Amino acid sequence: MTHLSDDTLNEYLDETLAPELKAEMDLHLAACELCASRLLELHVLFDELESLPELHLRVDLSAAIRARLVDGAPLPRPVRWLALTQSIVAIFTAILAWPLIEAFLQLMLLVSPTDIFAGATLLWLEATASLRWPEFTFEMPAWGFDPTSSSLVIVMAGVFILWVVANSLLIIPRSRRIL
Amino acid sequence: MIDPIDRDLIIRVRRGETEAFGQLVFRAQAAVFNVCYRLLGERREAEDMTQEAFIRAWERLHTFDVDRPFLPWIRRVAANLCLNHLSARGPDSPELDDERDETDSAFGPALVVEQHERSEVIRAALLALPPRYRIAIELRHFQELSYDEIAQFLDRPLSDVKSDLFRARKMLAEKLKHDPSV
Ligand SMILES: [Zn+2]
């Protein structure tokens, strides 16, 4: 008589056997004491695992978990406003600096970096000197500086610093969350 | 078998309510902790892994199908984290924490001690298994996944999963037979 394999006994208890196969096994088990006791042994193990009690959790973890989620929560309002402001300023600056960018792009294809720099500055000064504001009755406010001069560079530097600061504010709270 | 309260909480969490997530954690934390404890055997470590599991769930909740039950999902997330943790930790087997103060005393003290000792023996036997056998037992017996589901979860061939599970049972049965403390 061929005894049942360990695999078959396992599958029998896991209820994964086809009905014909199971019926065949039942016949064998009824006749073979050895296989019946092997099955019983495995069955005891199943029961023991099932009877393993669940342990109590001694601490409530929900507060700690929620505290960790604060980092992932929506950004505080001032930071969001700062981010919005920086994008508007960046777009405005890009429009203002377009003649410089355009000149730069043209020169990039032609000459050496030093020439590009000198030439671009010159071109930009020329281009912005002839820059006309649209005809609608818009009064340039008294900025206290000439927008076509080098003071524009200072403004751009300021915008750049603002941009860096705003981005680090956006990035830092997120990077702290990465596990 | 979708719990309507869990479902409602998940929908609220997706709207950004961390408060609702706190409630979800409160409801599921004991079950998740038990998964981690069975796999790791250390209370402190299991608590940490429980936290990690919920953080992971929070990050992935947008991929979760609200029409499926939450508890089985979070328990699988926890099992997965523990498995990674175990393979990073190496082969050392931790001492089982003493859980002597845990059991209910609905029965006589002698019976309680006896039952308690037996569950400690079972836990110790589980922890003595190699991690891949331990996870097979966890997924089949405690999370009640089918062979196919386990194979899919572990991303391993069905034949490997079955052989791991059957060997794990054999080892467990032998360990428990040699320590028949009941
Ligand atoms: Zn037989």
Side-chain angles (χ1 to χ4, degrees), chain A residues 3-18 21 25 34-77 80 173-179, chain B residues 13 16 18-19 21-34 37-38 43 46-48 50-59 81 97 99 101-104 115-116 118-119 121-123 125-126 137-138 140-142 146-148 162-163 165-167 169-170 172-173 176-177 182:
Chain A
H3 291 296
L4 301 172
S5 71
D6 279 347
D7 287 11
T8 321
L9 289 170
N10 274 280
E11 288 174 353
Y12 181 86
L13 287 180
D14 282 324
E15 294 171 357
T16 57
L17 289 177
L21 212 59
M25 269 195 74
L34 177 70
C35 287
S37 80
R38 284 166 64 213
L39 185 74
L40 181 68
E41 203 173 282
L42 202 55
H43 206 289
V44 168
L45 176 69
F46 275 49
D47 286 345
E48 287 216 274
L49 289 172
E50 204 183 321
S51 70
L52 192 67
E54 293 267 293
L55 293 180
H56 303 292
L57 191 53
R58 289 179 188 148
V59 283
D60 176 15
L61 299 173
S62 58
I65 292 168
R66 274 188 63 199
R68 284 181 61 184
L69 294 180
V70 170
D71 283 345
L75 293 162
R77 198 170 287 236
R80 273 183 287 161
R174 306 215 155 251
S175 59
R176 220 185 288 141
R177 272 176 58 225
I178 295 166
L179 300 172
Chain B
V13 172
T18 45
E19 159 76 36
F21 193 70
Q23 288 178 48
L24 206 55
V25 171
F26 190 78
R27 290 163 58 82
Q29 59 184 353
V32 173
F33 167 75
N34 271 278
Y37 187 75
R38 277 191 297 270
R43 194 167 261 279
E47 284 168 4
D48 288 349
T50 304
Q51 283 201 35
E52 295 305 324
F54 280 107
I55 300 286
R56 191 64 64 93
W58 162 267
E59 288 168 346
L81 279 175
D97 281 359
E99 297 295 344
D101 54 342
E102 286 294 324
T103 28
D104 294 334
Q115 283 180 337
H116 180 76
R118 189 60 183 166
S119 31
V121 169
I122 298 170
R123 286 183 198 284
L126 273 173
I137 294 285
E138 168 65 30
R140 178 69 197 120
H141 286 270
F142 297 98
S146 68
Y147 298 161
D148 285 320
K162 278 158 89 172
S163 119
L165 178 64
F166 302 164
R167 271 185 216 166
R169 284 171 177 163
K170 204 181 177 82
L172 267 183
L176 293 174
K177 205 159 48 173
V182 173

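We name chains A, B, ... by the order of the sequence lines, and we start the count at 1 in each one. From a predicted model like this one, the values you see are computed outputs, not experimental measurements.
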Yes or no on side-chain hydrogen bond (donor to acceptor under 3.5 Å, both in side chains) for A/Ser5 and A/Asp7, after CA distance, side-chain angles and deciding distance? CA-CA 5 Å; A/Ser5 71; A/Asp7 287 11; 5.4 Å; no
Side chain from CB out, backbone as N, CA, C, O: work out which of these in B/Ile137 comes under 4.5 Å of a heavy atom of chain A, or both, or neither. side chain
Got a salt bridge between B/Lys162 and A/Asp14, using NZ or NE/NH1/NH2 to carboxylate O under 4.0 Å? no
Minimum heavy-atom distance between A/Leu52 and B/Leu126, given as atom pair plus value: CD2-CD1, 4.3 Å
Max heavy-atom pairs within cutoff under 4.5 Å with chain A, candidates B/His141, B/Arg169, B/Lys170, goes to B/Arg169
Checking A/Leu45 against chain B: side chain, backbone, both or neither under 4.5 Å from a heavy atom? side chain
Need one label for A/Leu9: side chain, backbone, both or neither, based on atoms under 4.5 Å from any heavy atom in chain B. neither
Please look at A/Glu50 and chain B and tell me whether the side chain, the backbone, both or neither of the residue comes under 4.5 angstrom of a heavy atom of that chain. neither
Interatomic distance, A/Asn10 atom CG to B/Arg167 atom CZ [nearest 0.5 angstrom]: 12.0 Å
Under a 4.5 Å heavy-atom cutoff, which of B/Phe26, B/Phe21, B/Tyr147 has the most pairs with chain A? B/Tyr147
Could you tell me the separation between the CG atom of A/Leu13 and the OG1 atom of A/Thr8, rounded to the nearest 0.5 Å? 11.5 Å
CD of B/Gln29 to CG of B/Leu24: how many Å apart, nearest 0.5 Å? 11.0 Å
Using a cut-off of under 4.5 Å on heavy-atom pairs, state which of B/Gln23, B/Gln51, B/Arg38 scores highest against chain A. B/Gln51
Measuring heavy-atom distances to chain A, does B/Glu19 have an atom under 4.5 Å in its side chain, in its backbone, in both, or in neither? both
